[in-house]
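Worksheet for the structure shown next.
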Amino acid sequence: MLNVAQTTLADSISYNGIGLHAANEVHMVLRPAPADTGIIFVRTDLPGHPSVPARLSNVTNTMRATTLENGEAKVFTVEHLLSALQGLQIDNCIVEMNSVEPPVADGSSLTFVHLIEQVGTVSLDAPRCVLTVKKQHIVQDQDKFIAIIPYDGFRITFTSINPHPLLGVQFMDTEIADKQQYIQDVAPARTIAFTQEFEMLKKLGLGKGGTIENVVVYDEHTCLSTLRFYDELVRHKVLDIVGDMALIGKPIKGHIIAVKSSHKLNNRLANEIFKEVD
């Protein structure tokens, strides 16, 4: 299912943009990293360039996005970039940013996928350690749940249920271990927002960098954006799970089954899975 050797980028590559929530200008550089480094975010705008590894132990907030903190180093809305790295099976990478948030780009992980494809990847002289899930784990919150069961691969089955007349029930079942399937079916899916949420988001200081191009926006009855998929919502939910599971720190073998899950539930499941690490 997965490459035997760990991987990293073949070269460095940069990208400029604004963050989805803070809307700050950000210069991001993805750099190769040695084996067993994992994914590390470096705040180049702060004194001493503090860093925060992309690990579960550094998650401090899961409201609307995933936030990581380690001392002075804080980054948030990291899940789209982590999803691209996980989907393309990149084990080691240094992510340098001169702001608190990666660029929103097109609102999906596709821009980051293209960046990785531009420079390519290299195998490292170290084995990739895969976490093979040995038992069922489930996390529930009223009518929402996310679970994982043993499986020879990495598969995600997600059911989204939304009262909006254009959304309703959406279902997706896909093999994330297949890089091309991830790129084709998951990576292009953008995040979703509703116009009635805008005032609340504004009060929370969120969503400042969102547009109808990098966010799929719905009002009460219509979609204001041009959809890439009729079921873009559920595809983006799968994208988010891939990114949130990357925080385990190693690829997993298992079948994730979710209904109406969120970053919060994704994180709780990831912590349950992490308990199986030897």
Side-chain angles (χ1 to χ4, degrees), residues 1-13 15 28 30-40 54 66 78-95 102-103 105-133 148 150-158 171-191 228-229 231-232 234-258 266 270 273:
M1 178 193 78
L2 295 166
N3 296 332
V4 173
Q6 292 183 36
T7 63
T8 189
L9 302 181
D11 201 354
S12 299
I13 191 164
Y15 184 83
M28 180 182 74
L30 305 180
R31 298 193 185 278
D36 300 320
T37 299
I39 311 301
I40 298 180
T66 297
V78 295
E79 58 271 11
H80 300 169
L81 175 57
L82 289 176
S83 184
L85 292 167
Q86 179 87 336
L88 270 63
Q89 300 171 17
I90 306 299
D91 302 294
N92 306 286
C93 180
I94 302 296
V95 182
D106 70 346
S108 72
S109 67
L110 191 61
T111 297
F112 307 129
V113 165
H114 290 332
L115 291 175
I116 295 166
E117 290 181 322
Q118 281 183 50
V119 295
T121 62
V122 293
S123 296
L124 300 171
D125 189 20
R128 171 177 285 160
C129 298
V130 178
L131 173 54
T132 300
V133 173
I148 191 166
Y151 180 75
D152 187 19
F154 184 26
R155 178 180 176 186
I156 298 177
T157 304
F158 198 108
F171 175 85
M172 186 177 196
D173 181 37
T174 186
E175 291 280 353
I176 302 300
D178 184 326
K179 288 194 287 187
Q180 290 308 311
Q181 191 165 348
Y182 171 83
I183 293 169
Q184 176 180 315
D185 296 339
V186 178
R190 297 161 295 173
T191 193
R228 294 178 176 176
F229 306 97
D231 57 353
E232 194 160 355
V234 72
R235 291 171 188 259
H236 188 80
K237 291 292 189 180
V238 171
L239 184 156
D240 280 343
I241 287 178
V242 176
D244 288 337
M245 292 301 136
L247 295 167
I248 291 172
K250 57 179 65 180
I252 58 174
K253 275 189 178 183
H255 181 185
I256 294 175
I257 303 165
N266 296 349
I273 297 169

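Sequence positions, counted from 1, serve as the residue numbers for this chain. These figures come from a predicted structure and were not determined experimentally.
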### Message
Set out, in order, the CA-CA distance, both residues' side-chain angles and the distance that settles side chain to side chain contact (heavy atoms under 4.5 Å, CB included) for L9 and R31, then state yes or no.
### Response
CA-CA 7 Å; L9 302 181; R31 298 193 185 278; over 6 Å; no
### Message
Is there a side chain to side chain contact (heavy atoms under 4.5 Å, CB included) between I13 and D11? Walk through the geometry before answering.
### Response
CA-CA 7 Å; I13 191 164; D11 201 354; over 6 Å; no
### Task
Determine, step by step, whether I183 and L88 satisfy the side chain to side chain contact (heavy atoms under 4.5 Å, CB included) criterion, reporting the C-alpha distance in whole Å, the side-chain angles of both residues, the deciding distance to 0.1 Å, and the verdict.
CA-CA 8 Å; I183 293 169; L88 270 63; 3.9 Å; yes
### Task
Evaluate the side chain to side chain contact (heavy atoms under 4.5 Å, CB included) criterion for residues H114 and D106: first the C-alpha distance (whole Å), next the side-chain angles of each, then the deciding distance (0.1 Å), finally the verdict.
CA-CA 12 Å; H114 290 332; D106 70 346; over 6 Å; no
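Taking both residues in full, the closest heavy atoms of P32 and I94 are given as O-CG1, 4.2 Å, listed atom of the first, atom of the second, then distance. In this structure, A10 and V122 approach most closely via the heavy-atom pair CB-CG1, 3.7 Å. Heavy-atom minimum distance, A5 versus L124: CB-O, 3.5 Å. Of all heavy-atom pairs between D244 and A270, the closest is O-CB, 4.4 Å. Shown here for I156 and V242, the closest heavy-atom pair between the two residues is CD1-CG2, 3.7 Å. Minimum interatomic distance between F229 and A189 (heavy atoms only, all atoms of both residues): CE1-N, 4.1 Å.
For the pair I148 and I252, the minimum side-chain heavy-atom distance is below 4.5 Å. Side-chain contact between L81 and P103 is absent, with no heavy-atom pair separated by less than 4.5 Å. F112 is not listed as a side-chain neighbour of L85, based on a closest heavy-atom distance of 4.5 Å or more.
Of the possible donor and acceptor atoms, none in the side chain of E79 sits under 3.5 Å from a partner among the backbone N and O of G243. Within the 3.5 Å criterion, the main-chain N or O of D185 finds a donor-acceptor partner in the side chain of R235. When atom types are taken as modelled, the side chain of Q6 and the backbone of G38 share no donor-acceptor pair closer than 3.5 angstrom. T8 places a side-chain N or O within donor-acceptor distance of the main-chain N or O of N92, the cut-off being under 3.5 Å.
The aromatic rings of H236 and H80 stand perpendicular to each other, their planes meeting at an angle above 60°, with 30° marking the opposite boundary.
At a threshold of 4.0 Å, the pair D173-R155 counts as salt-bridged, since one of the basic side-chain nitrogens sits closer than that to a carboxylate oxygen.
Here the straight-line distance linking atom CG of L115 with atom CG of L110 works out to 10.0 Å at 0.5 Å rounding. Separation of atoms CD (E232) and OG1 (T191) is listed at 9.5 Å; rounding is to 0.5 Å. Separation of atoms CE (M245) and CG (L131) is listed at 11.0 Å; rounding is to 0.5 Å. Rounding to the nearest 0.5 angstrom, the gap separating the CD1 atom in I90 from the OG1 atom in T121 is 5.0 Å. Atom NZ of K250 and atom CD1 of I273 lie 12.5 Å apart (nearest 0.5 Å). Going from atom CD1 of I241 over to atom CZ of F158 covers 5.0 Å, rounded to the nearest 0.5 Å.
Side-chain atoms of Q89 and Y182 include no donor-acceptor pair closer than 3.5 Å.
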